[in-house]
Amino acid sequence: MTNINIPRKEYPRPQFERAEWKNLNGEWNFKFDKENKGEREKWYKDANHFDKKINVPFTYETKASGIGEEGFCPNVWYQKSVTIPSKYENKEIVLHFQAADYITKLWVNGHFVGERKGGQIAFSFNITDFLEETNELYIVVKNEDSQSCFQPRGKQRWLDHSYGCWYVQTTGIWQTVWLEFLNEAHIQSVKMTPDIDTESIEFSYEVSGNIDTPLILRTSISYDGQQIKSFDQTVNRPNLTMSTNLASEFHHWRVVHWSPQSPHLYDVEFALYKNGDLIDQVTSYFGMRKISIENGNVLLNNVPLYQKLILDQGYWKESHLTPPSEEAIIEDIDKTLEMGFNGVRKHMKVEDQRFLYWADKKGLLVWSEMAATYEFSDEAIQNFTEEWIEVVKQQYNHPSIITWTPFNESWGVKNIFTDKKQQQFTEGIYHLTKAIDSMRPVIVNDGWEHTVSDIITLHDYIEYGDEFKSRYQDKEKVVQNNIAFNKHKHAMAKGYTYQGQPIIVSEYGGIAFNSEKGWGYGNQVKSEEEFLSRYESITQAIKDTPYISGFCYTQITDVQQEINGLLDEERNPKVDVSKIREINRK
């Protein structure tokens, strides 16, 4: 149920899809509230307060929103009226926000529904009890943002101007808003854990609603249109778990694995029955793949994996953090693969689920990274931890995600090299992540000053290969903190020692063409020939270093004042992409 004229019209949650939904993107009424007087004056009761229009899901700072004002405003309001079709009169009505930054407060038909905190995660409100007899919904949203460095903000600036590698802030709704219509008893979530060694998949289900009358939950698994397995369970409690073997004679390998070369996906349908009647149906998919570490290597499906990643900040000129369209998402992934990279490090951003869907479909490896705080305090610890837990849970089922990266370059934990409290915080996040997800490696802290970490990653913007080889020829000097990165950083935090983990250079390059309008790393180049010479020199030096098991080049596109992308902000290549591909594939 969608309107073809609205932006981002595709289903926003492709790994948990239902047929009955309504997209609320498009034109909303809007109001700035710099003096924070809207609640006191009860703007949630009167549409006359809203003096602007905004194109959701684009934030007011972007041109795509129709407003394009980049100045910071701590409070913004949205209003939209929606009529619920009469066929949903007896349904539960759930209002979903795929992401809104930072505190979201909701009123429906003049009544306060609730609030949620966090700028990177999806959340929802059950608004059934606020529906009027006329089936009208008068929806009002207030978003509260701040310039606090205790708030996870990623690359959003906390000053009134952009500087360095920090950009225009993102305030308010920045991903799809939508309605879903459910029966009182329904499937809340399903966590899917593949195990290629036993050729099995484990499902952990959560069912909401009244289960006094036992329900039947049917799980049907298929591949390429052919049913592989189907089984029923009696639901007599909210949470249940079931594992099933996927081995089948339909394929000569019995089970098909997911990999960048062959991104095979199984389809799965979950159907909930009450007294023989279908009351809920969800479609999803999963990939059978394994990420592990052995003898200093990252393994994919028990085979060593050399990672050729590119840093991807997920910014667009007209829409900033919000992908302008699904086609734009696909274009970025296709260009990444065309240039010979096999994955992306999503930097300082929790990406749109449609991006992850297409990464799953096309076989793009993804490192999922949390938006950083920039000061250390009890408040920052709580804000970060609560949101990070939701990130891991919400993205868990995507086979393309092969690494969790909660921290980067000591941002938010700037004294981690010696400060025990900051070290213990990162250890806690590491173990908490592993408690939720034991499948994937966790990197703490990406770039340098690692505490506990499954992979040791290094950021080094040295310009030429000869110098790189000289610096890295003695592995022991690198891992024993005898070499400094970024002038004064070291591989390990004080009190921690290298334990034989894989080593990846997870930032390098950042080469910019000669310009006065922005910056890159090191000296700027004047020609394609000069660029390619330097790119090949440093990239080949990394590949020639035997103990390094992958790299991540900075970066795929220019972002505002940072002009070191292989593509410009409009996604135009700066150099012949076939030559980049040739260097990457050597």
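Values below: every heavy atom of this structure, side chains too, minus hydrogens, waters and symmetry copies. Note that the numbering runs from 1 along the sequence shown for the chain. In this text the structure is predicted, and so the values were computed from the model without any measurement.
Lys349 and Glu369 are not joined by a salt bridge, as no carboxylate oxygen comes within less than 4.0 angstrom of a charged side-chain nitrogen. Using a 4.0 Å cut-off between charged side-chain N and carboxylate O, Lys489 and Glu449 make a salt bridge. Looking at Asp446 and Arg345, a side-chain N of the basic residue comes within less than 4.0 Å of a carboxylate O on the acidic one, giving a salt bridge. Between Asp454 and Lys434, at least one side-chain N (NZ, or NE/NH1/NH2) sits under 4.0 Å from a carboxylate O, which counts as a salt bridge. Between Lys414 and Asp419, no side-chain nitrogen of the basic residue sits less than 4.0 Å from a carboxylate oxygen of the acidic one, so the salt-bridge criterion is not met. Salt-bridge formation is not detected for the pair Glu326/Arg8: no Lys NZ or Arg NE/NH1/NH2 atom is positioned less than 4.0 Å from an Asp or Glu carboxylate oxygen.
Between Phe150 and Phe376, a ring centre-to-centre spacing not shorter than 6.0 Å is recorded. Between Phe485 and Trp448, the gap from one ring centroid to the other reaches at least 6.0 Å. Aromatic ring centres of His264 and Trp258 lie farther apart than the 6.0 Å criterion allows. Under the 6.0 Å cut-off for aromatic ring centres, Trp158 and Trp166 qualify, their centroids lying closer than that. Here Tyr315 and Tyr167 bring their ring centres to under 6.0 angstrom of each other.
Under the ring-ring contact (aromatic ring centres under 6.0 Å, His included) criterion, Trp174 pairs with no residue at all, not counting sequence neighbours.
Asp145 and Gln151 are linked by a side-chain donor-acceptor pair at a separation below 3.5 angstrom, with hydrogens and angles left out of the test. Thr283 and Glu17 form no side-chain donor-acceptor contact under 3.5 Å, judged by distance and modelled atom types alone. Judged by distance alone, the side chains of Asn445 and His450 never bring a donor and an acceptor atom under 3.5 Å apart. Of the N and O atoms on the side chains of Ser549 and Asn297, not one donor lies less than 3.5 Å from an acceptor on the other residue. A side-chain donor from one of Thr219 and Tyr205 sits under 3.5 Å from a side-chain acceptor of the other. Side-chain atoms of Glu206 and Ser189 form a donor-acceptor pair, as typed in the model, at a separation below 3.5 Å.
At least one donor-acceptor pair closer than 3.5 Å links the side chain of Lys229 to the backbone N or O of Asn245. Side chain of Asp195 to main chain of Ile201: no donor-acceptor pair is present (N/O by atom type, distance under 3.5 Å, no hydrogens or angles).
The shortest non-hydrogen separation linking Pro399 to Ile402 is O-CG2, 4.1 Å.
Each of Leu309, Asn342, Ile556 was scored for a side chain to side chain contact (heavy atoms under 4.5 Å, CB included) with Thr336, with one residue passing: Ile556.
The aromatic rings of Phe231 and Phe203 sit tilted, their planes meeting at an angle between 30° and 60°.
Stacking of Lys117 on the aromatic ring of Phe123 is not recorded, the 6.0 Å distance cut-off and the 45° axial limit not both being met.
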Start with the C-alpha gap between Val76 and Thr171, add the side-chain angles, then the distance that decides, and say whether side chain to side chain contact (heavy atoms under 4.5 Å, CB included) holds.
CA-CA 8 Å; Val76 294; Thr171 304; 4.1 Å; yes

